[in-house]
Amino acid sequence: MKVDSIQVQNFRNIVSAQLFADPELTVITGQNGQGKTNLLESIWLLTGSKSFRGAKDLELVKQGEDFARIIGETNNSVKTNKIEVLIAGAESGKRGRSAKVNGVPYGRAASIAGVFTAVVFDPGHLSLVKGGPEGRRRFLDAALCQLYPGYINTLRRFTRAISQKNALLKKYYETSDAAAMLDAFDVEIVQTGTEISARRAAYLTLAGPLAQQLYAELSSGAEQMEVTFLPCAPQGQLAGLLKNSRPTDIRAGFCTAGPHREDFETTINGKSARVYGSQGQQRSAVLGFKLAEAACAKEITGEHPVMLLDDVLSELDETRQAYLLSRMSGKQSFVTTCDASAFGRTAGKIVEVKGGQLI
């Protein structure tokens with residue numbers, strides 16, 4: 001999977017820019033606040049996913065403009081695709097993101113999941129190790145949405161059922177026939193939740209050992225990482241879990257058990273990476289997960305995703321930096337940095353961003 005070129009219009013602080021990418025390494029350099037990460041983010045949006053920085057769609061459109069447009073020329077081993085993502089701004093009176101592929105409207109941008117795949121690392125992704133379970137579930141679900149386009153529909157159905165069940169639980173004693181309505185929601189939750197939990201478990205069975213191996217290589221064998229999935233219930237027992245948790249749910253006013261509360265644990269040398277890991281160790285652990293995500297995508301789809309790495313070398317020692325740079329060889333990567341000197345010996349393209357413009 002590769003990006004040949006990308007055009008960006010009215011996206012955050014970028015009024016208009018066009019980048020022709022190197023087949024392997026494109027280094028985006030510049031001072032802080034100039035638009036390096038914005039350019040990286042625009043490439044990510046070609047996957048159909050939302051902002052990796054958690055921004056709302058309206059925040060992606062330059063203030064005062066009706067829309068932002070991103071057009072990417074991408075290719076894989078089979079074909080070349082022209083992907084266009086349009087983001088409605090506050091001035092347009094519309095909402096959301098829409099997409100076209102080769103001129104064909106796909107409706108919601110999420111519908112193009114799988115056409116172009118990428119793996120992104122952002123300093124905010126340290127929450128994958130040091131944050132709460134929500135970030136780790138989001139990591140698993142984002143990877144699965146790109147690999148299995150039907151997964152996103154299952155996830156939406158599950159999320160909607162949980163939201164509706166929570167709304168009912170808050171008004172349980174004020175709603176007639178509430179118990180029967182909960183039964184109906186639980187049928188949907190069991191159907192979709194069982195698939196979600198099984199997909200997550202299968203994915204982590206593949207990605208976990210890869211992440212562990214990559215972390216060991218990043219640390220030159222000095223440290224060992226272990227990853228353990230913590231499912232909400234043994235496979236096939238979600239219905240029983242929901243039944244047993246119902247009294248607690250009614251008292252709490254929300255659904256206290258289910259796949260929306262699953263997690264996985266990361267340890268380094270037998271200790272919690274979240275509690276005891278240094279900043280460098282936590283960053284290395286996240287990089288291990290991201291590199292494993294890319295390797296899994298290659299194994300499942302036959303195409304290596306494009307790597308989008310924001311400020312990736314920060315807080316890594318020279319040995320880990322050298323290893324990471326070696327892992328980029330033969331794959332297309334976009335890297336942002338304030339100091340391009342670390343990439344001086346690499347064959348690739350260096351572009352500078354200043355005030356939202358490529359110079």
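Numbers for residues simply follow the sequence, beginning at 1. Keep in mind that what you see is a predicted model, and the values were worked out from it rather than measured.
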When you compare the side chain of [Y] with that of [X], does any pair of heavy atoms fall below 4.5 Å?
X	Y	result
H125	V120	yes
L308	F121	no
T80	E73	yes
K349	L25	no

Evaluate whether atom [atom1] of [X] has more than 12 neighbouring non-hydrogen atoms of other residues, nucleotides or ligands under 6.0 angstrom away.
X	atom1	result
Q18	CD	yes
E299	CD	no
F254	CZ	yes
R69	CZ	yes
K331	NZ	yes

Inset, instruction - Please find out if less than 6.0 Å separates the ring center of F229 from that of Y203. - result: no
Inset, instruction - List the steps, then state whether side-chain contact (heavy atoms from CB on, under 4.5 Å) holds for F67 with I87. - result: CA-CA 5 Å; F67 63 87; I87 309 166; over 6 Å; no
Can [X] and [Y] be counted as an ion pair, charged N to O under 4.0 angstrom?
X	Y	value
R200	D141	yes
K243	D186	no
E134	R137	no
E24	K2	no
E188	R157	yes
E265	K271	no

Quick one: does [X]'s side chain have a donor or acceptor within less than 3.5 Å of a partner on [Y]'s backbone?
X	Y	answer
Q332	D22	yes
R274	T266	no
N13	Q34	yes
S284	G280	yes
K354	G30	no

Inset, instruction - May I have the step-by-step check of salt bridge (Lys or Arg N to Asp or Glu O under 4.0 Å) for R199 and E262, ending in yes or no? - result: CA-CA 12 Å; R199 286 284 194 189; E262 289 182 327; over 6 Å; no
Legend entry - R53 and its side-chain hydrogen bond (donor to acceptor under 3.5 Å, both in side chains) partner, picked from D122, N38, D310: N38
